[in-house]
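Just so we're clear, the structure is a prediction, and the values are computed from it rather than from any experiment.
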Amino acid sequence: MKKLSVGRIMMGDVVFPLFCRTMFRKNDDKRDAGLTVPDNISITADLHYGPDPEQVLDVYKPLPLTPGEALPVIISIHGGGYVYGDKERYRFYAMDLARRGFAVVNFSYRLAPKHKYPAQILDVMNCVNYVMKHAPELGIDPGRVFFVGDSAGGQMLTQYVAACSNPAYAELLNLTFPEMNVRAVAINCALSHLNSANPAVKSYLPREAWTYGRELRVMEHITDAFPPAFVMTAYGDGLFEDAFTISHHLTEAGVENELHIYGTKENPPGHVFHLNIRNPEAIRCNDEECGFFRKHME
């Protein structure tokens, strides 16, 4: 096996994660400044779906609650280049989705470079399995499941749902799934391919990862059983072209999908703009995604 140079290791495992954690945190603090937890949201916090401290989730539901009611559920997979982020950074966005009439699962997963692939996709599996196992007490309906994911989380969403809807790919990944019905997904400002030239991907994948071959080429495993997809990007999104790639592969596989581009070239929203719940384009995007989910509720 070819050894990595010191410079490449530093870029992949030290410099890039530190840069992301510093700059992304600064931007997230600015985005969420002044926001408070809304009074009309029920919060079940800090449920552990695994033994690691990062394997924790919250469930948000709109008030008032009806006793015995099982709500449709959105499971959110956060972004952050595989090296940054947790449920705390997504709580206001997830609560805002819950305000639209859904239970929302907002969870943290183990981060690279300390934890390499496939730790993160296994955490998605374990989180979903936990939530569905405890669906009755959490007040969610396993028959009405939706996913949202952005950036790196959008890539993980696509891989997980591709496996969920393709038994051969699930076997290749060694993933197991609970009894549930994934009605639709929203793939937001997502990474479409695991390109080894991308520093985020370098941090995410172990050195031997490319021996996995087809396992990492997610688009090859999408079938017509993949659920309907709302694919979103914006004119200021650094992954703008990836949305077209994802939509193209879904269409080629016979999957219902809608490609939405937000903002204008003159006033372009940036990457993952939809997390800024005070932004007018974010409000429109999140309304339209939840409308897409309602259309596929039954």
Taking NZ, NE, NH1 and NH2 as the nitrogens, is one of them in Asp52 or Arg110 under 4.0 Å from a carboxylate oxygen of the other? no
Does a side-chain N-to-carboxylate-O contact under 4.0 Å join Asp86 and Arg89? no
Mark yes or no for whether Gln120, through its side chain, and His115, through its backbone, hold a donor-acceptor pair below 3.5 Å. yes
May I have the step-by-step check of ring-ring contact (aromatic ring centres under 6.0 Å, His included) for His248 and Phe244, ending in yes or no? CA-CA 6 Å; His248 170 76; Phe244 291 83; over 10 Å; no
Parallel, tilted or perpendicular, as decided by the 30° and 60° cut-offs, for the rings of Tyr82 and Tyr204: parallel
May I have the list of side-chain donor-acceptor pairs in residues 161-168 shorter than 3.5 Å, sequence neighbours left out?
residue, atom, partner, partner atom, Å
Ser165, OG, Val161, O, 2.8
Ser165, OG, Ala162, O, 3.3
Asn166, OD1, Ala168, N, 3.2
Asn166, OD1, Tyr169, N, 3.4
Asn166, ND2, His221, O, 2.9

Determine, using the 4.5 Å side-chain heavy-atom cutoff (strictly less than), whether Phe230 and Met219 are members of one ILVMFWY cluster. no
Check the hydrophobic clustering (I, L, V, M, F, W, Y; side-chain heavy atoms under 4.5 Å; chains of links allowed) and say if Val73 and Tyr60 are grouped together. no
Could you check Arg91 against Asp32 for salt bridge (Lys or Arg N to Asp or Glu O under 4.0 Å), going step by step and ending with a plain yes or no? CA-CA 10 Å; Arg91 60 187 179 132; Asp32 293 342; over 6 Å; no
If every non-hydrogen atom of Ile222 is compared with every non-hydrogen atom of Thr158, which pair is closest and at what distance? CD1-CG2, 4.2 Å
Check: Gln55 and Tyr109 side chains under 4.5 Å, non-hydrogen atoms: no
Keeping Arg214 on the side-chain end and Glu220 on the backbone end, is there a donor-acceptor pair under 3.5 Å? no
With no hydrogens and no angle check, just 3.5 Å: does a side-chain donor-acceptor pair link Asn257 and Ser247? yes
State, to 0.1 Å, how close Val83 and Leu111 come at their nearest heavy-atom pair, and which atoms those are. O-CD1, 3.6 Å
Value rounded to 0.5 Å, distance of OH in Tyr160 from CG in Leu173: 11.5 Å
Shortest non-hydrogen contact between Ala229 and Leu250, atoms and distance: CB-CD1, 3.7 Å
Where the side chain of Asp242 meets the backbone of Ser192, is there a donor-acceptor pair that is under 3.5 Å apart? yes
Return the OG1 to CG distance between Thr233 and Leu259, rounded to the nearest 0.5 Å. 8.0 Å
Matching residue for His78 among Phe24, Tyr84, Tyr90 - test: ring pair (Phe, Tyr, Trp, His ring centres under 6.0 Å): Tyr90
Using 0.5 Å steps for rounding, measure from the CD1 atom of Ile261 to the OG1 atom of Thr264. 12.0 Å
Looking only at heavy atoms, the pair that brings Pro72 and Met297 closest together is CB-SD, 3.6 Å
Hey, any chance Tyr130 and Leu71 share a hydrophobic cluster, counting ILVMFWY side chains that come within less than 4.5 Å of each other, even indirectly? no
Quick check: do Pro228 and Phe292 have side-chain heavy atoms less than 4.5 Å from each other? yes
Rounded to the nearest 0.5 Å, how far apart are CG of Asn126 and CG of Asn129? 6.5 Å
OH (Tyr117) and CE (Met156) are apart, to the nearest 0.5 Å, by 10.0 Å
Are Phe146 and Ile77 connected in the hydrophobic side-chain network, where two residues link if heavy atoms are under 4.5 Å apart? no
Quick one: are Lys116 and Leu205 in side-chain contact, heavy atoms under 4.5 Å? no
Can you say whether the rings of Tyr49 and Phe107 are parallel (under 30°), tilted (30 to 60°) or perpendicular (over 60°)? perpendicular
Nearest 0.5 Å, please: how far is CG in Leu138 from CG in Leu47? 6.5 Å
Is it true that atom CZ of Phe240 has more than 12 heavy atoms of other residues, nucleotides or ligands lying nearer than 6.0 Å? yes
Tightest non-hydrogen contact, residues Ala243 and Val231, listed as O-CG1, 3.6 Å
Look at Lys295 together with Glu258 and state whether they make a salt bridge at an N to O cut-off of under 4.0 Å. yes
Could you tell me whether Asp29 and Lys26 make a salt bridge, using a distance below 4.0 angstrom between a side-chain N and a carboxylate O? no
With a 4.5 Å cut-off on side-chain heavy-atom distances among I, L, V, M, F, W and Y, is there a chain of contacts connecting Ile246 to Leu157? yes
Backbone of Arg21 reached by a side-chain donor or acceptor of Arg25 within 3.5 Å: yes
Will you find, in the side chains of His271 and Asp237, an N or O donor that is under 3.5 Å from an N or O acceptor? yes
Smallest separation among heavy atoms of Gly81 and Ala152, with atom names: N-CB, 3.9 Å
Does the salt bridge (Lys or Arg N to Asp or Glu O under 4.0 Å) test come out yes or no for Asp287 and Arg284, once each step is laid out? CA-CA 5 Å; Asp287 280 344; Arg284 183 164 75 92; over 6 Å; no
Determine the interplanar angle of the His260 and Tyr262 rings, folded into 0 to 90°, and report it as parallel if under 30°, tilted if 30 to 60°, perpendicular if over 60°. parallel
Does Arg144 reach the main-chain N or O of Ala70 with its side chain, forming a donor-acceptor pair under 3.5 Å? yes
Under 3.5 Å, is there a donor-acceptor pair linking the side chains of Glu137 and His134? yes
Test item: Asp150 side-chain N/O and Gly153 main-chain N/O as donor-acceptor pair under 3.5 Å: no
